[in-house]
Amino acid sequence: MSAWDGIDEFVATAEAESFSQAARRLGLSTSGVSREVARLEERLQTRLLYRTTRRVSLTDAGRAFLARCRQLIHDRDEALAAVGEEDGEVKGLLRMTCSSAYGERYVVPAVNAFALAHPKLSVHIELDDAVRDIVSEGFDLAIRFGRLTDSRLIAKRLASRTRRLCAAPSYLARAGTPTTIADLEAHAGVLGATDAWPLREGEREIVFKPQGRFRCNSGQAVLDAALQGLGVCQLPNFYVDPAIADGRLVPLLEAHNPADEGVWAVYPHLRLLPAKVRLLVEHLEHNLG
């Protein structure tokens with residue numbers, strides 16, 4: 001019996017809140033994962049998980065143990081990767097996270113090309129609009145936007161994105177075209193995850209709070225509502241540029257767009273940055289920039 005027995009299974013189960021999903025992630029049987037976690041609890045003489053017929057959840061002891069186990073797994077994988085990379089090959093598992101829409105459109109295709117060039121590398125990408133704690137959750141890399149505040153992370157700028165105001169021609173034919181920020185007061189806003197739009201008035205950054213009857217925390221849904229003529233929207237350029245190019249949306253108040261936001265690769269401070277992370281960041285910088 002190894003001291004490592006059950007730790008990978010426990011972490012995967014805790015993150016998935018399911019033995020079956022953890023088993024799929026690890027390529028094991030559900031019964032095998034459940035058995036290893038039970039044996040780990042028996043060795044520790046501590047319950048780590050509450051079990052119901054629908055899901056599993058962490059006990060207080062399990063929550064504290066999870067954070068330590070994630071760091072152990074990360075350090076183990078980093079050490080193995082460092083030894084494995086001495087022969088010049090990129091190999092092992094790379095875990096990364098990114099927002100859903102940007103990830104699907106830009107990051108995943110670039111990562112797929114990188115994985116194709118490095119057949120001994122395995123990649124696990126989680127697309128999630130929540131800001132994940134990549135240190136405690138054991139991610140190697142994340143793609144973030146805008147201002148960064150976590151001092152535990154190193155950031156490298158990959159690209160930029162612009163937020164653009166626009167509306168469908170059908171909406172503008174009914175409601176008129178705003179020519180000033182003040183004109184927006186008379187227009188219906190199509191709202192996303194936030195209730196305010198950042199804008200610029202000369203050199204000054206301002207915030208405008210639109211009014212509207214449609215709101216959704218999905219950028220794609222906001223785009224569709226704007227295309228249908230429900231009002232004015234503000235979205236990152238990668239959502240709206242194709243529709244603007246073919247005339248389905250009309251850009252508005254371009255002089256008042258907020259300053260460009262950075263697209264960043266962020267990763268934990270490490271004594272030795274694994275080659276898989278360093279080379280992928282370089283690849284993303286080349287492809288996204």
Side-chain angles (χ1 to χ4, degrees), residues 8 10-18 21-22 24-27 58 63 66-78 80-81 90-116 118 121-161 192-194 217-220 235-236 238-239 261-270 273-289:
D8 288 281
F10 163 68
V11 171
T13 301
E15 292 178 346
E17 298 183 343
S18 164
Q21 291 185 35
R24 283 194 292 272
R25 170 175 159 180
L26 297 172
L58 288 163
R63 191 171 295 106
L66 175 62
R68 292 180 177 272
C69 286
R70 279 172 167 158
Q71 190 60 51
L72 282 171
I73 290 172
H74 187 276
D75 290 346
R76 177 198 66 188
D77 292 346
E78 181 187 344
L80 293 172
V90 174
K91 61 181 72 172
L93 173 65
L94 187 148
R95 297 184 65 230
M96 65 179 297
T97 179
C98 181
S99 66
S100 299
Y102 192 83
E104 288 172 351
R105 296 186 187 209
Y106 297 107
V107 175
V108 170
V111 173
N112 288 343
F114 184 78
L116 190 62
H118 300 282
L121 177 70
S122 298
V123 180
H124 179 186
I125 306 175
E126 293 196 19
L127 298 181
D128 187 343
D129 291 330
V131 177
R132 307 288 290 272
D133 185 336
I134 67 172
V135 175
S136 67
E137 295 186 46
F139 287 100
D140 298 291
L141 180 67
I143 307 300
R144 298 270 172 83
F145 304 100
R147 295 183 177 90
L148 305 176
T149 58
D150 194 334
S151 61
R152 298 173 302 167
L153 304 178
I154 297 174
K156 184 175 181 61
R157 189 174 182 126
L158 302 176
S160 62
R161 70 172 188 177
T194 64
N217 64 349
S218 161
Q220 190 61 43
L235 284 170
F238 63 83
Y239 279 108
E261 294 180 319
V263 179
W264 304 87
V266 298
Y267 45 89
H269 282 277
L270 298 172
L273 183 65
K276 62 186 179 182
V277 176
R278 174 175 53 81
L279 293 175
L280 177 56
V281 169
E282 292 175 0
H283 176 78
L284 292 172
E285 183 180 19
H286 175 75
N287 283 269
L288 302 183

Hey, could you give me the [atom1]/[atom2] distance between [X] and [Y], rounded to the nearest 0.5 Å?
X: L158; Y: N287; atom1: CG; atom2: CG; value: 10.5 Å
X: F114; Y: L280; atom1: CZ; atom2: CG; value: 5.0 Å
X: R25; Y: E15; atom1: CZ; atom2: CD; value: 4.5 Å
X: Y267; Y: L141; atom1: OH; atom2: CG; value: 8.5 Å
X: S99; Y: D128; atom1: OG; atom2: CG; value: 9.5 Å
X: R132; Y: M96; atom1: CZ; atom2: CE; value: 12.5 Å

Problem set entry | Partner set under side-chain contact (heavy atoms from CB on, under 4.5 Å) for S218, not counting sequence neighbours | C216, Q220, A221
Exercise. Do V108 and L127 pass the side chain to side chain contact (heavy atoms under 4.5 Å, CB included) test, and can you show the C-alpha distance, the side-chain angles, and the key distance before you say yes or no?
Worked result: CA-CA 9 Å; V108 170; L127 298 181; 4.3 Å; yes
For this session: Decide side chain to side chain contact (heavy atoms under 4.5 Å, CB included) for V263 and Y102; before the verdict, give the C-alpha distance in whole Å, the side-chain angles of both, and the deciding distance to 0.1 Å.
Result: CA-CA 10 Å; V263 179; Y102 192 83; 3.8 Å; yes
Compare every heavy atom of [Y] with every heavy atom of [X], then report the nearest pair and how far apart it is.
X: A16; Y: Q21; result: CB-CB, 3.8 Å
X: A142; Y: I134; result: CB-CG2, 3.7 Å
X: A115; Y: V123; result: CB-CG2, 4.3 Å
X: G103; Y: P109; result: O-CD, 4.0 Å
X: E285; Y: R157; result: OE2-O, 4.1 Å
X: L93; Y: D140; result: O-OD2, 3.7 Å

Heavy-atom donor-acceptor pair, [X] side chain to [Y] backbone, under 3.5 Å:
X: T97; Y: E126; result: yes
X: R105; Y: F238; result: yes
X: H283; Y: A110; result: yes

Side-chain contact, heavy-atom cut-off 4.5 Å: [X] with [Y]?
X: I125; Y: V107; answer: no
X: R95; Y: I73; answer: no
X: R76; Y: D8; answer: yes

For this session: Walk me through it: do V266 and F139 pass the test side chain to side chain contact (heavy atoms under 4.5 Å, CB included)?
Result: CA-CA 10 Å; V266 298; F139 287 100; over 6 Å; no
Problem set entry | Ring-face cation contact, F145 with R161, 6.0 Å cut, 45° max | yes
Problem set entry | Check ion pair R70-D133 (N to O, under 4.0 angstrom) | no
